[in-house]
2 protein chains.
Amino acid sequence: MAVTIKKIAELAGVSVGTVDRALNNRKGVNQEVAGRIKEIADSVGYVPNTVAKGLVARRKEVKIGVIIHTPKHAFIEELLAGIQAANKKIADYGVEIMARYGEGYDADSQIRMIDELVDEGIHALAIIPLNDKRVVDKLEELRKRGITVALMVSDIDVDCLAYVGCDLYRGGRIIGGLAGMLGGRDSKVVYCTAPLEILGNVRRLDGLKDVLQERYPDIHLLGVCELQNDDLAAYRQAAIAFKEYRDADTIVVTTGCTKGVLSAIEETVFEKKVNVITLDLAKPVEQAMARGLVQATVVQHPFLQGKKVIETLFNYVVMGKVPDSKKIYIDTDIKIYESIF
Amino acid sequence: MAVTIKKIAELAGVSVGTVDRALNNRKGVNQEVAGRIKEIADSVGYVPNTVAKGLVARRKEVKIGVIIHTPKHAFIEELLAGIQAANKKIADYGVEIMARYGEGYDADSQIRMIDELVDEGIHALAIIPLNDKRVVDKLEELRKRGITVALMVSDIDVDCLAYVGCDLYRGGRIIGGLAGMLGGRDSKVVYCTAPLEILGNVRRLDGLKDVLQERYPDIHLLGVCELQNDDLAAYRQAAIAFKEYRDADTIVVTTGCTKGVLSAIEETVFEKKVNVITLDLAKPVEQAMARGLVQATVVQHPFLQGKKVIETLFNYVVMGKVPDSKKIYIDTDIKIYESIF
DNA sequence: CTGTTAGCGCATTCAC
DNA sequence: GTGAATGCGCTAACAG
């Protein structure tokens, strides 16, 4: 039987109320008494019961805001599923989640959403942040107002509770490693990326470039195509680009809209057979893997990312638990045909 | 504010006790009343509060037994860490974990451990089962006695709550796919495996063979070395085997004791440069990756496996939640140099 | 068959 | 500064 505040109260010869006040550093306790209580708690190895704490927490409803300000692709759907899963788990603690979606990469619009949620009284916010000074300032402002912020999916430079998501720089390195492994030492690579307004996409590209330079100096990065997050638009842009890069033998696709790009690849006549490396595991990618077009895909576990952001915010806001690290990285893994079929 | 049994009691014009009895299908409730209560609960979308449930559960201490009957390698250490992590999370519910370790692959010894734990009054058991009829029978017996059993790491054919672990057959397929990807269509593969008393190891080998047959018919599986789970012994056995397989160009190491085998590889003069594919991410593997000996490693997330088994048992025994599936598969992923460095 | 109540461990409020 | 009491939602034991 684990030790409770009641037992500590007995041992210290005080009431549970005093123990509670002492252990949680609340005001209104004699310094000496508080010290003695803490010592006793320490010596008996007291650990507060999170379940009971949770039951109590239920009394004040907590609202967590979510802002996903990017087109809704497979990745985002999975992310949302993860958020929902976490929500289900913590609903019993009286936590409510309020989500806002937006398309495009407009900082003003993102800021408007933040303000909306603040008006609705959120206590915490999970956001895929645009890399814009105004957004940074706004998030700093929230922090000052006591609203806890967690970044997800893409990290930017702002002081907040934590960033939860993949290490995208490493993701880029892994892609680079795969390119080297599959394409050989002197292959020619074309890199397709989602818009670089999302800083994570920039970092990923950096990772790739660094690996190529460090470990595969003979690989030639023919070009970088920044594609719109829309299947048709991406298709058109990619089709044009690939004509220019006909001597490519490795194509990397890190956009959310793989479908259009994959079509463009299949319709382009390359000089040799191309290896294709993609990001995540949407249906189009699976199908392309099935028919041998895609050799490997680098997965970022969006479901887990969504689940973890909410859990992190919940643990802090409701349970008072500070995350172990400011960077909560989700693994970046590699899947091949046999991983799925 | 979510709906509680109290509110349902009000709506139905009965007491909370009756609602509790009705919703949990306990005896001693009028059929009609029970039906009405269930209807009301349904219509208002009642979801029991797991936190409150947990607090109550704390009154009767629950014991979960753990049997790890295999040498303690890095994989097992991680598995244990996962079990401990889960334990920490559920200690607040009054759950205690009692672990037993054994070396070797002796079914009698494993059965003895099971009996010991049963004598100590466990309510549930997580076990890495040996594939032996007597073990199967013993586990069936536990089930009949009302002790919930979950298998971990290696699946065998016995009716229990669930198997939690990787799909090892798929793991074998992934290894096969990697071998094909790295070694080329006509490479020569040597496969080193941990003892085949653990059925999972057999399944993994099956997966590899099937993939080679289906997708890489020209790859030649030179030989299968069943190595002991002891670094020195494995080293000696492997060194002898590799002399015979000097024309190999791909070596797969799926033993827990990679260290000995990796040394043996480095000391053997192969006819060409060999690609090495390993299992999991122990220190020796990392180091070998760093110096370019190992190209890829297939990871099985032992930490997660351990965490998940305990959570699954807990959810069933304490919270009454039946797992969604009898097979709870943990992802099998691929890591390369850039995944780590 | 049904209602009432105590209590799981903690936080909070109100007395003192 | 401190103690006592109440309640979070649920289960179990006891009363009726």
Side-chain angles (χ1 to χ4, degrees), chain A residues 1-38 41 44-62 89-95 317-321, chain B residues 1-38 41 44-62 89-95 317-321:
Chain A
M1 207 58 178
V3 27
T4 67
I5 50 168
K6 200 171 151 194
K7 176 150 283 168
I8 294 177
E10 273 175 37
L11 292 172
V14 296
S15 74
V16 290
T18 307
V19 174
D20 178 59
R21 282 185 282 262
L23 295 184
N24 293 290
N25 301 313
R26 296 184 229 282
K27 57 177 182 177
V29 200
N30 187 312
Q31 285 293 341
E32 284 179 47
V33 187
R36 194 158 47 88
I37 291 175
K38 283 184 184 175
V44 296
Y46 168 73
V47 183
N49 187 313
T50 57
V51 183
K53 237 172 152 155
L55 240 205
V56 174
R58 208 179 182 305
R59 284 193 262 196
K60 66 164 188 293
E61 295 217 346
V62 169
K89 267 181 67 180
I90 61 177
D92 288 336
Y93 294 82
V95 177
V317 176
V318 178
M319 308 299 280
K321 193 190 169 300
Chain B
M1 207 59 178
V3 26
T4 68
I5 51 168
K6 200 171 153 193
K7 176 150 286 170
I8 294 179
E10 272 174 38
L11 292 173
V14 297
S15 73
V16 290
T18 306
V19 174
D20 177 57
R21 281 184 284 262
L23 295 183
N24 293 288
N25 300 312
R26 294 185 229 282
K27 55 177 184 177
V29 200
N30 189 311
Q31 286 293 342
E32 282 180 48
V33 186
R36 194 156 48 88
I37 291 175
K38 283 184 184 175
V44 296
Y46 169 73
V47 183
N49 187 313
T50 58
V51 183
K53 239 174 150 151
L55 240 205
V56 174
R58 206 179 183 305
R59 283 193 264 196
K60 67 164 189 295
E61 294 217 346
V62 170
K89 267 181 66 181
I90 62 177
D92 288 335
Y93 294 83
V95 177
V317 176
V318 177
M319 307 299 280
K321 193 190 167 299

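Note on naming: letters A, B, ... go to the chains in the order of the sequence lines (proteins, then strands), and numbering restarts at 1 for each one.
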**Prompt:** Of the non-hydrogen atoms in A:Ala22 and A:Ala34, which two are nearest, and what is the gap between them?
**Reply:** CB-CA, 3.9 Å

**Message:** Under 4.0 Å, counting only non-hydrogen atoms across every strand here, what does A:Val51 touch: a base, just sugar-phosphate, or nothing?
**Reply:** nothing

**Asked** For A:Arg58, which contact category applies under a 4.0 Å heavy-atom criterion: base, sugar-phosphate, or nothing?
**Response** sugar-phosphate

**Item:** Gap between atom CG of A:Asn24 and atom CD1 of A:Ile5 - 0.5 Å precision
**Value:** 8.5 Å

**Request:** Using chain B heavy atoms and a threshold of under 4.0 Å, write down where along DNA chain D the contacts begin and end, 5' to 3'.
**Result:** D:dG9 to D:dA13

**OG1-NZ distance between A:Thr50 and B:Lys89, expressed to the nearest 0.5 angstrom** = 9.5 Å

**Item:** Sub-4.5 Å side-chain heavy-atom contact between B:Val318 and B:Val95
**Value:** yes

**Prompt:** Given that A:Val16 and A:Gln31 both sit by DNA chain D, which one's nearest nucleotide is further toward the 5' end?
**Reply:** A:Gln31

**Asked** Applying salt bridge (Lys or Arg N to Asp or Glu O under 4.0 Å), which residue pairs with at least one partner in residues 49-59 of chain A are found, sequence neighbours left out?
**Response** none

**Asked** Hey, does B:Ile37 have a side-chain heavy atom less than 4.5 Å from the side chain of B:Leu23?
**Response** yes

**Message:** Checking side chain to side chain contact (heavy atoms under 4.5 Å, CB included) between B:Val14 and each of B:Val29, B:Asn30, B:Val19, which is the one that passes?
**Reply:** B:Val19

**Asked** First and last nucleotide of DNA chain C touching chain A, 5' to 3', heavy-atom cut-off 4.0 Å?
**Response** C:dG9 to C:dT13

**Message:** By the 4.0 Å heavy-atom rule, please label A:Tyr93 as base, sugar-phosphate, or nothing.
**Reply:** nothing

**Prompt:** Among all residues two or more places apart in sequence or in another chain, which pass the ring-ring contact (aromatic ring centres under 6.0 Å, His included) test with A:Tyr93?
**Reply:** A:Phe314

**Message:** Quick check for you: to the nearest 0.5 Å, what is the distance between A:Leu55 atom CG and B:Asn49 atom CG?
**Reply:** 6.0 Å

**Item:** Distance, nearest 0.5 Å, that separates NZ of A:Lys38 from CD1 of A:Ile8
**Value:** 12.5 Å

**Item:** DNA chain D-proximal residues of residues 20-29 of chain B, any heavy atom under 4.0 Å
**Value:** B:Asp20, B:Arg21, B:Asn24, B:Arg26

**Request:** Return the 5'-most residue of the pair B:Val33, A:Ala52 with respect to DNA chain C, ranking by each residue's nearest nucleotide.
**Result:** B:Val33

**Of all pairs that satisfy salt bridge (Lys or Arg N to Asp or Glu O under 4.0 Å), the ones with a partner from residues 7-24 of chain B, not counting sequence neighbours** = B:Asp20-B:Arg26

